[in-house]
J.: 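Structure below; questions to follow.
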Protein chains: 2
Amino acid sequence: MTVLSLPPLDLDAAVAPAEDDSPLRSVSTAVAVLDCFAEEAELGATRVAARLGIAKSTACRMLAALATGGLLERTGSGRYRLGLRLFEYGQLAVDRLMLRDVALPAMGELRELLRETIQLGVVVGTDVLYVERTEAASMNVRFRSEHRRNPAHSSSTGRVLAAGDPALATAILERGFVRYTPFTVVDPQRYRQILATTREQGYATSREEFEPGWSSIAAPITMMRGGRPHPVAALSVVAPTSRVLGHRKPAVVQGVRRAAARVSADLERARS
Amino acid sequence: MTVLSLPPLDLDAAVAPAEDDSPLRSVSTAVAVLDCFAEEAELGATRVAARLGIAKSTACRMLAALATGGLLERTGSGRYRLGLRLFEYGQLAVDRLMLRDVALPAMGELRELLRETIQLGVVVGTDVLYVERTEAASMNVRFRSEHRRNPAHSSSTGRVLAAGDPALATAILERGFVRYTPFTVVDPQRYRQILATTREQGYATSREEFEPGWSSIAAPITMMRGGRPHPVAALSVVAPTSRVLGHRKPAVVQGVRRAAARVSADLERARS
DNA sequence: ACCGTCGTTCCGTAAAGCGGAACGCACTGT
DNA sequence: ACAGTGCGTTCCGCTTTACGGAACGACGGT
């Protein structure tokens, strides 16, 4: 499970500061309850209550309500887990982006061309979410597929998107930088410099800044918005460092840029 | 969009009877709000309020709360759509079933063996939800991939699961039968007969009962529960009728049953 | 058989959300 | 250009609703 790759945390401490910046408190806490299941697969009322700092009865009611709504499911022993209705909603959410269907052919060709894993990422908040990933079939080493979500600052996808979106860039800078490896860039000034370089070059790189041994190159997928191209997603190639940043780098850069440009054009064409 | 394949409905009528059988009314209505987006991609406060029969102000607050939680996203013009956090949760939900990862290899082999589209389906409520689908690469005719969810009564997957789960069978019978094609079985007595035959044979069929021209054969994936095998999912082969129910039927039946049995065994082995 | 823990239920209190109406804005048809 | 219509959002008082604490029943380990 993903828990293994996370830093150890006190499960019985109130980690959520109960961020209530909106009305409808019950809905906010209901979402917070869902969030608890992002880290742990199966939870009961007591753990949820402890984690959120709410009464056990409240947690119990929340769980029951979410379960009748199908967002959670009851396991055998009275505990709960994420429900399959969430899968349904999630599929609808990405299907309606009209992005995956358009990008999949280009991703397949790029994978065949480079024989590496190709990712399609979008931004949610200050994180990068990988909506699709096609892996080279006969690879003996596979990128750890547990990572569906990265902080944006340390990934090439996040950089290529932040380079074209000043609001995202400032959000990332305000959020702060977490060091994952000795190579992770955590200096704001250096980060700004990287974004400037990314803007000039039209692609971004990340050298072992999130997972030791793994690097990536990303190019933006854009949509015309107000006459100017605006990045909405990115294609990235992720592989062991020597295979993307070594002598193959020019080929990878050219390949991913062409593929991303093709997806951008197809997206524009599919815009009805 | 999926809307096109649905019967025409009055969008401005209150379709949801406001089923509040649970406490935490706000959470229930919040889930109902999410449900609205299952049928339509983009909605505003007014339409949601009309559809659920609630005040416009209430709908607006709900939408805002769900958006701050990431379950919804704002579009440019003040309307909302399903948020990508739902995709994240949905992926976690299926990943934790430990089902897709186990089934994917067998599905790939079955696809290569039969050169047809293979589906992995589970039951949610009285519907079948397809968690994974691998399509034969060089098929000129593709099954309409918009269908991620079917009513259980008209699909081979639903029958093979209902045959081994009396509770599901009665739920389907109580829910009632909708006719999609001239071939759809809508007689309860005939349906019971089909379930009995399914139990004997160990597989189920559906002959153009949901989509004209398309038929399917399904076999159950089981897990041992209380000493008895209990169906938890099903593999199905879907293709134009002549390709699954014609002279190839014995090969298809044998292939899908073997694959499902292998997944069941792997699932048992992976159970830690 | 005991005790600890968990999920669930009950109940009084107080806060939280509901509905109606008013506001600001964007678009449209004259 | 202008008014009209539709939208999403906000405000406010009243009522409902959900919160928290404690008690209950069940399960499982010792």
Side-chain angles (χ1 to χ4, degrees), chain A residues 11-14 16-34 36-37 40-69 71-83 225-226, chain B residues 11-14 16-34 36-37 40-69 71-83 225-226:
Chain A
L11 293 179
D12 297 333
E19 35 171 345
D20 56 85
D21 47 350
S22 78
L24 270 72
R25 186 154 178 180
S26 344
V27 177
S28 302
T29 60
V31 174
V33 168
L34 276 184
C36 293
F37 289 88
E40 217 154 344
E42 225 175 287
L43 285 171
T46 305
R47 315 266 316 242
V48 170
R51 193 180 274 250
L52 271 67
I54 59 179
K56 200 166 55 166
S57 57
T58 304
C60 192
R61 263 169 296 164
M62 286 286 172
L63 292 168
L66 290 170
T68 59
L71 303 187
L72 294 179
E73 288 174 357
R74 304 202 49 151
T75 69
S77 57
R79 287 202 293 276
Y80 295 84
R81 67 179 167 203
L82 292 174
R225 197 178 291 173
Chain B
L11 293 178
D12 297 333
E19 35 171 346
D20 55 88
D21 47 349
S22 79
L24 271 74
R25 186 153 179 184
S26 343
V27 177
S28 303
T29 59
V31 175
V33 168
L34 276 184
C36 292
F37 289 88
E40 218 155 344
E42 225 176 287
L43 285 171
T46 304
R47 314 249 341 218
V48 170
R51 196 180 272 250
L52 270 66
I54 59 179
K56 200 166 58 166
S57 58
T58 305
C60 189
R61 264 169 296 167
M62 288 287 171
L63 292 168
L66 290 170
T68 59
L71 303 188
L72 293 179
E73 287 174 355
R74 304 201 48 151
T75 68
S77 57
R79 286 200 294 276
Y80 295 85
R81 67 178 168 203
L82 292 174
R225 197 177 293 173

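Chain A is the first sequence line, chain B the second, and so forth, proteins listed ahead of strands; every chain is numbered from 1. Please read these numbers as outputs of a predicted model, since none were measured by experiment.
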J.: Five pairs per end, C1' atoms only: what is the angle between the end axes of the helix from C:dA1-D:dT30 to C:dT30-D:dA1, to 10 degrees?
T.: 50°

J.: How many Å lie between CG on B:L63 and P on D:dC7, as a whole number?
T.: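 Taking atom P of D:dC7 as the reference, CG of B:L63 is at 14 Å.
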
J.: Could you give the CZ-to-P distance, from B:R79 to D:dC7, as a whole number of Å?
T.: 10 Å

J.: Taking atom OH of B:Y80 and atom CG of B:L43, what is their separation to the nearest 0.5 Å?
T.: 11.5 Å

J.: Can you tell me how far CZ of B:R25 sits from OG1 of B:T58, rounded to the nearest 0.5 angstrom?
T.: 9.5 Å

J.: Sequence neighbours left out, what passes side chain to side chain donor-acceptor pair (under 3.5 Å) with B:R81? Give chain and number order.
T.: none

J.: Please report the interatomic distance CZ(B:R51) to OG1(B:T46), rounded to the nearest 0.5 Å.
T.: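 So the CZ of B:R51 and the OG1 of B:T46 are separated by 13.0 Å.
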
J.: Would you sort out whether A:L72 and A:L34 count as a side chain to side chain contact (heavy atoms under 4.5 Å, CB included), showing the intermediate values?
T.: CA-CA 8 Å; A:L72 294 179; A:L34 276 184; 3.9 Å; yes

J.: Between B:Y80 and D:dT9, does any side-chain N or O lie under 4.0 Å from OP1 or OP2?
T.: yes

J.: Check the pair B:M62 / A:L24 against side chain to side chain contact (heavy atoms under 4.5 Å, CB included), numbers first and verdict last.
T.: CA-CA 7 Å; B:M62 288 287 171; A:L24 270 72; 3.3 Å; yes

J.: Could you grab the distance from atom CD of B:E42 to atom CD of B:E73, nearest 0.5 Å is fine?
T.: 11.0 Å

J.: Output one letter per nucleotide in nucleotides 14-20 of chain C: B when a protein non-hydrogen atom lies under 4.0 Å from the base, S when only the sugar-phosphate is that close, - when neither is.
T.: --SSBBB

J.: Measure the CD-CG distance between B:E40 and B:L82 for me, rounded to the nearest 0.5 Å.
T.: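 So the gap between those two atoms works out to 11.5 Å.
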
